[in-house]
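Scroll down for the structure; my scribbles are underneath it.
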There are 2 protein chains.
Amino acid sequence: MPDNATYHFVVADDHPLFRGALRQTIELLYPGAGIAEVGTLEDAAAELERHGEVDLLLLDLAMPGMRGFSGLMYLRAQYQSVPVVVVSASEDAGTIRRCMELGASGFIPKSLGIEVIREAVSQVMAGGSWTPPDVDLGEADSEASAMAQRLSTLTPQQVRVLMMLSEGLLNKQIAYELAVSEATVKAHVSAILQKLGVESRTQAVIAAAKIEQGQWLTAEAR
Amino acid sequence: MPDNATYHFVVADDHPLFRGALRQTIELLYPGAGIAEVGTLEDAAAELERHGEVDLLLLDLAMPGMRGFSGLMYLRAQYQSVPVVVVSASEDAGTIRRCMELGASGFIPKSLGIEVIREAVSQVMAGGSWTPPDVDLGEADSEASAMAQRLSTLTPQQVRVLMMLSEGLLNKQIAYELAVSEATVKAHVSAILQKLGVESRTQAVIAAAKIEQGQWLTAEAR
DNA sequence: GCCAGCGGCAAACGCTGTTTGCAGGTGTCC
DNA sequence: GGACACCTGCAAACAGCGTTTGCCGCTGGC
């Protein structure tokens with residue numbers, strides 16, 4: 001086992017059993033690699049924070065803390081150097097397309113077999129991307145898709161601010177939580193509005209909500 | 001056929017065939033009653049506008065123009081005297097419960113047989129309410145439920161304003177569309193914020209979005 | 001070294017948003 | 001017929017929001 005030991009993975013999934021299965025799959029593929037398991041978005045962020053150079057993040061879409069796609073958006077924005085492969089129980093084209101638009105490097109339906117998963121992971125590790133071959137990512141869904149494009153141009157801090165806007169916080173409150181001045185927050189908000197092509201914080205929140213609202217009703221089932 | 005002729009129904013459903021079936025069911029039940037068929041939320045509102053004293057509105061949840069539950073909310077607020085029975089393809093307890101919380105007088109899954117539908121309609125026409133007997137409307141879902149309660153305290157004009165807020169409009173734009181002064185709109189917004197228990201228009205929009213977002217992805221499937 | 005981009009800060013300006021008090025209208029209930 | 005509650009509409013004063021301009025330090029790439 002050569003420099004596999006320098007590889008570091010993070011497996012983020014709600015379900016401990018599936019998390020373990022993914023770990024084993026990766027261990028077979030990269031013996032000796034470091035693998036961290038987490039069960040919430042918060043833990044995933046903490047893990048990426050602690051360990052600067054993670055080579056791949058396997059991310060469950062339905063994990064606690066991820067409000068639809070916004071969790072993916074957040075992680076992609078905060079840790080741009082970390083490739084993300086979404087692992088999800090759902091596998092409809094719309095979900096997959098949106099994940100890819102938000103910067104995922106791959107999408108693996110949970111229904112797939114181990115061999116396919118292995119192939120997908122190694123393909124992404126080689127710098128490529130991977131989506132199920134039997135899914136057509138054709139049409140663009142115009143609006144939501146264009147919005148996703150714009151969202152991906154936001155800087156990490158801007159994404160943090162946008163998500164706080166989406167919670168209805170005042171500029172002052174955001175400034176406090178981020179430990180910066182209100183003037184800075186205003187600057188960020190202005191930049192966000194321009195990038196999203198909207199004219200008020202409320203419209204920005206609406207636009208973000210349209211993206212982050214997945215199709216499952218995880219918020220209800222909870 | 002006695003005073004059945006004074007009865008007036010509105011059947012609002014996306015699907016012409018199902019609309020016709022509902023019409024026939026009602027005609028059998030109340031021979032000679034007036035029945036209007038509409039296919040969009042807009043037309044439904046126009047019909048209720050034109051005809052002040054409608055005795056019952058049969059409403060499809062997935063109709064064009066109804067964003068989730070907000071269409072129901074709107075109609076209930078604008079025409080408080082018109083009982084609404086929701087007719088929907090979905091039939092999970094959460095959907096039913098929320099419809100009832102938003103002021104529906106009944107909920108009829110489309111899977112039901114004609115006799116049951118007839119019974120449901122006549123029960124509501126008699127001043128009662130009706131939901132599928134095999135569904136438990138038990139628990140409260142705390143947050144969303146409390147919000148629905150608060151939403152139902154809004155006046156017709158306030159609901160109109162809230163829905164425009166949800167589109168990201170400025171007070172000035174709302175004032176123009178409602179043909180009132182901006183000062184009035186501001187007053188309505190303040191009242192809405194108080195009734196919803198939130199502190200800014202953005203938070204109000206977020207709260208409303210949580211309600212109106214159903215579980216189907218009608219916005220995507222479109 | 002230099003440039004581009006990100007993050008942070010400040011002050012000032014105009015506009016939007018929020019609160020508050022007030023008034024006309026409608027309907028209801030004694 | 002009052003008294004009352006409620007909805008709607010309005011205006012003025014104040015707080016928050018969004019823009020602009022200009023500035024600084026840092027980092028990473030060329």
Side-chain angles (χ1 to χ4, degrees), chain A residues 49 52-53 74 76-82 103 150-208, chain B residues 52-53 74 76-81 103 150-208:
Chain A
E49 200 68 54
E53 291 302 308
Y74 176 78
R76 278 299 301 160
Q78 301 306 309
Y79 314 98
Q80 291 168 326
S81 66
V82 179
R150 291 182 188 142
L151 281 172
S152 66
T153 70
L154 295 180
T155 68
Q157 192 74 321
Q158 285 166 3
V159 170
R160 275 196 287 267
V161 171
L162 175 57
M163 302 188 72
M164 293 184 187
L165 287 184
S166 295
E167 292 168 10
L169 299 185
L170 303 178
N171 286 341
K172 197 184 296 183
Q173 297 173 297
I174 297 174
Y176 177 78
E177 295 220 16
L178 293 180
V180 297
S181 81
E182 192 178 344
T184 302
V185 174
K186 286 184 178 183
H188 282 309
V189 172
S190 285
I192 291 170
L193 298 185
Q194 281 199 323
K195 286 188 177 177
L196 298 194
V198 297
E199 286 180 329
S200 70
R201 67 169 49 240
T202 302
Q203 287 181 5
V205 169
I206 294 169
Chain B
E53 291 301 309
Y74 176 79
R76 277 300 300 159
Q78 300 306 306
Y79 314 99
Q80 293 169 325
S81 66
R150 290 181 187 144
L151 281 173
S152 66
T153 70
L154 295 181
T155 70
Q157 192 76 318
Q158 285 166 2
V159 170
R160 275 196 288 266
V161 171
L162 176 57
M163 302 189 72
M164 294 183 186
L165 288 183
S166 296
E167 292 167 10
L169 299 185
L170 303 178
N171 286 340
K172 195 185 295 186
Q173 297 174 295
I174 297 173
Y176 176 79
E177 297 220 17
L178 293 181
V180 297
S181 82
E182 192 179 342
T184 303
V185 174
K186 289 179 177 181
H188 282 310
V189 172
S190 283
I192 292 170
L193 298 187
Q194 283 199 323
K195 285 188 178 178
L196 298 193
V198 297
E199 286 180 329
S200 71
R201 76 204 284 92
T202 302
Q203 287 180 5
V205 169
I206 295 169

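So you know, we letter chains A, B, ... as the sequences are listed, proteins then strands, and number each from 1.
- The shortest distance between side-chain heavy atoms of B/R201 and B/N171 falls below 4.5 Å.
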Give the C-alpha distance, both sets of side-chain angles, the deciding distance and a yes or no for side chain to side chain contact (heavy atoms under 4.5 Å, CB included) between A/L151 and A/K195. CA-CA 8 Å; A/L151 281 172; A/K195 286 188 177 177; over 6 Å; no
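- There is a side-chain donor-acceptor pair under 3.5 Å between A/Y79 and A/E49.
- Between the C1' atom of C/dG5 and the CG atom of A/L154 lies a distance of 15 Å, rounded to the nearest Å.
- The C1' atoms of five pairs define one axis at each end of the helix from C/dG1-D/dC30 to C/dC30-D/dG1, and these two axes lie 30° apart (to 10°).
- With a 4.5 Å cut-off on side-chain heavy atoms, B/L154 and B/V161 do not count as touching.
- Contact check for B/V159 versus B/P156: no side-chain heavy atoms found under the 4.5 Å cut-off.
- Put simply, B/Q157 has a side-chain N or O that comes within less than 4.0 Å of OP1 or OP2 on D/dG9.
- Between the NE2 atom of B/H188 and the OG1 atom of B/T155 there is a distance of 6.0 Å, given to the nearest 0.5 Å.
- At whole-Å resolution of the value, NZ in A/K195 and P in C/dG5 are 10 Å apart.
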With the sugar-phosphate defined as primed atoms, P, OP1 and OP2, and the base as all remaining atoms, what B/S/- string results for nucleotides 10-30 of chain D, 5' to 3', for protein heavy atoms under 4.0 Å? BB----SBBB-----------
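- Open room surrounds CD on B/E199; 12 or fewer heavy atoms of other groups in view lie less than 6.0 Å from it.
- For the pair A/R160 CZ and C/dC6 P, the computed distance is 14 Å after rounding to whole Å.
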Worked verdict on A/V189 versus A/K186 for side chain to side chain contact (heavy atoms under 4.5 Å, CB included): CA-CA 5 Å; A/V189 172; A/K186 286 184 178 183; 5.6 Å; no
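- For A/H188 and C/dG8, the shortest distance from a side-chain N or O to OP1 or OP2 is below 4.0 Å.
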